[in-house]
Visitor: 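Input: one structure, supplied below.
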Amino acid sequence: MKPESGWRPQREVEILAGTPPGGGLDRAARALAAAIEARKLLDVPVKVVNIPGDGARKVWRAVDERRGDAHVLCISSPNLTSDNLTGVTTFDHDAYTPLAILCTEYIAFVVRADSPLKSGSDLLAKLGKDAAGVTVALATALGNPNHIALAQVVRHAGGDMQAPKIRVFDSAIDAVADVVAGNADVGAVTAASALKALAESKVRTLAVSAPGRLAGPFAQAPTWIEQSVPCVIGAWRGASGPAGLTVPQAAYWERALAAATASPQWAAELGHYCWAPAYRDGAPLREALARERADMRDTLGALGLLR
């Protein structure tokens, strides 16, 4: 990509992902790398580096060590805000250089293939009658969009939002595996995380938190809105740089990320993973982060998780 300023990458670019290969943040990192390479946006190599652990928080410690290094991007998500609001971390997006929101992954509520829960209505009935008797598998952290989606469903069912038993895993892949193993009644996971288990007929989808039906394997899965449940929420994937990037460096990456997400390669990734386009940078990005923080504060307070 021809620079409009005096800065451009001079050596290999690393895209860091806080989940293992195949995890949600990793999928976004690899899709972004593929789109950058397909458009030949960089004159230097780009590679994905996985730093999983601590609920996808360990990776940010690595970013802290690269202050001012514009050759590092990290895949970001709403968890930076929710972890901060719940007191799990002392940092949020402001500790880094937010560059863009790339896409949104909606939440799929999945059960084991032989589960007695056959529909969203069955889950609503169970949550309304005995929410404490429902075990739910989530990925990375309490208070994240998956947990908030669950809370919205429980509230609509008339149950206690704090009552379900929550099992939290470092990756949504592990949460899906927990459902398949029969340890959790339902998994509230990013839809793409369930694709493999769906293809193997190990799980079924009761509902998704999207505004409209998703394509592919989820085409027959109703949204919560279709079932009269006001639950529309997704887990966006973004890109942030370390703290201390200069204005020209941030501007370079905004242009590069906008070009990558406008590519046919990126469109193919969106279709493959059932992602929704959601690109934002600059002022719209900052406004979205501020709005999300306010909304999360309200819901996390109701969940008793606000610190």
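Start at 1 with the first residue, then count along the sequence.
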Visitor: Do D174 and R167 meet the salt-bridge criterion of a basic N to acidic O distance under 4.0 Å?
Guide: no
Visitor: Given W236 and E292, is the side-chain hydrogen bond (donor to acceptor under 3.5 Å, both in side chains) satisfied, shown in steps?
Guide: CA-CA 11 Å; W236 54 264; E292 179 175 70; 2.9 Å; yes
Visitor: So, for G282 and E254, which heavy atoms are closest and what is the spacing to 0.1 Å?
Guide: N-OE2, 3.8 Å
Visitor: If I take atom CD from residue Q152 and atom NE2 from residue H147, how far apart are they, to the nearest 0.5 angstrom?
Guide: 11.0 Å
Visitor: Got V153 and W224 here, is their nearest side-chain heavy-atom distance under 4.5 Å?
Guide: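 Yes, their side chains come closer than 4.5 Å.
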Visitor: Between Q265 and E269, is any pair of side-chain heavy atoms under 4.5 Å apart?
Guide: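 SC-SC contact between Q265 and E269 confirmed.
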Visitor: Going only through I, L, V, M, F, W and Y residues with side-chain contacts under 4.5 Å, is there a path from L85 to I148?
Guide: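 L85 and I148: one cluster.
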Visitor: Go through the steps for K165 and D185 under the test salt bridge (Lys or Arg N to Asp or Glu O under 4.0 Å), then give the verdict.
Guide: CA-CA 10 Å; K165 298 179 179 66; D185 300 301; over 6 Å; no
Visitor: Is T205 close to L198 at the side-chain level, that is, under 4.5 Å between some pair of heavy atoms?
Guide: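 In contact.
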Visitor: Please check this pair: side chain of Q249 against backbone of T246, looking for a donor-acceptor N/O pair closer than 3.5 Å.
Guide: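 Judged by distance alone, yes, a pair lies under 3.5 Å.
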Visitor: Does V232 share a hydrophobic cluster with L124, counting links as ILVMFWY side-chain heavy atoms below 4.5 Å and allowing steps through other members?
Guide: no
Visitor: If the threshold is 4.0 Å, N to carboxylate O, is there a salt bridge linking E14 and K47?
Guide: no
Visitor: For residues Y106 and W275, establish whether the separation of their ring centroids is below 6.0 Å.
Guide: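 No - the distance between ring centres of Y106 and W275 does not fall below the 6.0 Å cut-off.
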Visitor: Using ring centroids (six-membered ring only for Trp), state whether W7 and H71 fall under 6.0 Å.
Guide: yes
Visitor: Search all heavy atoms of A95 against all heavy atoms of A243 and return the closest pair with its distance.
Guide: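 Taking every non-hydrogen atom into account, O-CB, 3.4 Å.
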Visitor: Do V49 and L42 belong to the same hydrophobic cluster, where Ile, Leu, Val, Met, Phe, Trp and Tyr are linked whenever their side-chain heavy atoms lie under 4.5 Å apart, directly or via other members?
Guide: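 No.
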Visitor: Tell me, please, which residues at least two apart from R307 pass side chain to side chain contact (heavy atoms under 4.5 Å, CB included).
Guide: none
Visitor: With salt bridge (Lys or Arg N to Asp or Glu O under 4.0 Å) as the test, would you mind laying out the steps for R255 and D281 before giving the verdict?
Guide: CA-CA 9 Å; R255 293 193 300 273; D281 61 19; over 6 Å; no
Visitor: For the atom pair OG1 (T81) and CE (M296), what is the distance rounded to the nearest 0.5 Å?
Guide: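 Reported to 0.5 Å precision, the distance equals 6.0 Å.
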Visitor: Is any side-chain heavy atom of I166 closer than 4.5 Å to a side-chain heavy atom of L150?
Guide: yes
Visitor: Short question: side chain of R39, backbone of A259 - any donor-acceptor pair under 3.5 Å?
Guide: yes
Visitor: What closest approach, in Å, do G23 and S171 show between heavy atoms, and which atom pair accounts for it?
Guide: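 Heavy-atom minimum between the residues: CA-OG, 3.9 Å.
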Visitor: For the OG atom of S76 and the CG atom of L25, what is their distance to the nearest 0.5 Å?
Guide: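 It is 8.5 Å, given to the nearest 0.5 Å.
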Visitor: If I take atom OG from residue S263 and atom CD1 from residue I36, how far apart are they, to the nearest 0.5 angstrom?
Guide: 9.5 Å
Visitor: Is the backbone N or O of P242 less than 3.5 Å from a side-chain atom of T97, with the two atoms forming a donor-acceptor pair by type?
Guide: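 Flag set: sc T97 to bb P242 pair under 3.5 Å.
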Visitor: Nearest 0.5 angstrom please: R61 CZ to F91 CZ, how far?
Guide: 7.5 Å
Visitor: Are any side-chain N or O atoms of D26 and backbone N or O atoms of A17, one a donor and one an acceptor, separated by less than 3.5 Å?
Guide: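 Checking the backbone N and O of A17 against the side chain of D26, no donor-acceptor pair under 3.5 Å is found.
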Visitor: Start with the C-alpha distance between L306 and R297, add both sets of side-chain angles, then the distance that settles side chain to side chain contact (heavy atoms under 4.5 Å, CB included), and finish with yes or no.
Guide: CA-CA 7 Å; L306 198 61; R297 180 180 291 278; 3.9 Å; yes
Visitor: Parallel, tilted or perpendicular: which describes the rings of Y96 and W60, with under 30° parallel and over 60° perpendicular?
Guide: tilted
Visitor: Is it true that a side-chain atom of N146 and a backbone atom of A188 form a donor plus acceptor pair closer than 3.5 Å?
Guide: yes
Visitor: I'd like to know whether L102 forms a side chain to side chain contact (heavy atoms under 4.5 Å, CB included) with W266, so could you lay out the CA-CA distance, the side-chain angles of the two residues, the decisive distance to 0.1 Å, and finally the verdict.
Guide: CA-CA 10 Å; L102 306 173; W266 183 258; 3.9 Å; yes
Visitor: Do any N or O atoms from the side chain of H156 and from the backbone of C231 form a donor-acceptor pair under 3.5 angstrom?
Guide: no
Visitor: Using the rule given for side chain to side chain contact (heavy atoms under 4.5 Å, CB included), can you reason through V203 versus V111, listing the C-alpha separation, both sets of side-chain angles and the distance that settles it, and then say yes or no?
Guide: CA-CA 5 Å; V203 298; V111 296; over 6 Å; no
Visitor: Counting N and O atoms only, with roles assigned by atom type, does the side chain of S209 sit under 3.5 Å from a partner on the main chain of I107, one being a donor and the other an acceptor?
Guide: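 Yes; at least one donor-acceptor contact below 3.5 Å.
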Visitor: Between V46 and I15, is any pair of side-chain heavy atoms under 4.5 Å apart?
Guide: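 With C-beta onward as the side chain, the pair touches.
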Visitor: Just wondering, are more than 12 heavy atoms of other shown residues or ligands nearer than 6.0 Å to CD in E200?
Guide: yes
Visitor: For L206 and L117, what are the C-alpha separation, side-chain angles and deciding distance, and is it a side chain to side chain contact (heavy atoms under 4.5 Å, CB included)?
Guide: CA-CA 8 Å; L206 300 182; L117 299 172; 4.3 Å; yes
Visitor: Is V72 reachable from L245 through a run of hydrophobic residues whose side-chain heavy atoms are each under 4.5 Å from the next?
Guide: no
Visitor: Is a side-chain donor or acceptor of K58 paired with a backbone partner of G18 at a separation under 3.5 angstrom?
Guide: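 Judged by distance alone, no pair lies under 3.5 Å.
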Visitor: Using the rule that two of Ile, Leu, Val, Met, Phe, Trp, Tyr join whenever any of their side-chain heavy atoms come within less than 4.5 Å, decide whether L285 and L32 are in one cluster.
Guide: no
Visitor: Taking all atoms of both residues into account, what is the closest heavy-atom pair of A108 and F218, and its distance?
Guide: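 In this case the closest contact between A108 and F218 is CB-CE2, 4.0 Å.
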Visitor: Closer than 4.0 angstrom, basic N to acidic O: yes or no for E105 and R27?
Guide: yes
Visitor: Any non-hydrogen side-chain atom of K202 less than 4.5 Å from a side-chain atom of V176?
Guide: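 No. Closest side-chain heavy atoms not under 4.5 Å.
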Visitor: Any side-chain hydrogen bond (donor to acceptor under 3.5 Å, both in side chains) pairs touching residues 110-127, not counting sequence neighbours?
Guide: R112-D114
Visitor: Any heavy-atom pair between the side chains of P45 and V13 that's under 4.5 Å?
Guide: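 V13 does not reach P45 side chain to side chain.
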Visitor: Going from CG on D170 to CG on D54, what distance comes out if it is rounded to the nearest 0.5 angstrom?
Guide: 7.5 Å
Visitor: Is the side chain of S193 donor-acceptor paired with the backbone N or O of V189 at a distance under 3.5 Å, no angle test?
Guide: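 Judged by distance alone, no pair lies under 3.5 Å.
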Visitor: Just wondering, are more than 12 heavy atoms of other shown residues or ligands nearer than 6.0 Å to CZ in R213?
Guide: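 Correct, the count exceeds 12.
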Visitor: From the options D92, D298, D94, select the one residue that forms a salt bridge (charged side-chain N to carboxylate O under 4.0 Å, His left out) with R293.
Guide: D92
Visitor: Is the backbone N or O of R8 less than 3.5 Å from a side-chain atom of Q10, with the two atoms forming a donor-acceptor pair by type?
Guide: yes
Visitor: Which atom pair, heavy atoms only, marks the closest approach of N50 to P21?
Guide: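 Of all heavy-atom pairs spanning N50 and P21, the closest is ND2-N, 3.6 Å.
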Visitor: Within a strict 4.5 Å, meaning less than it, do heavy atoms of the Y279 and P284 side chains meet?
Guide: no
Visitor: Which heavy atom of A141 sits nearest a heavy atom of V168, and at what distance?
Guide: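 Closest approach of A141 to V168, heavy atoms only: N-CG1, 3.5 Å.
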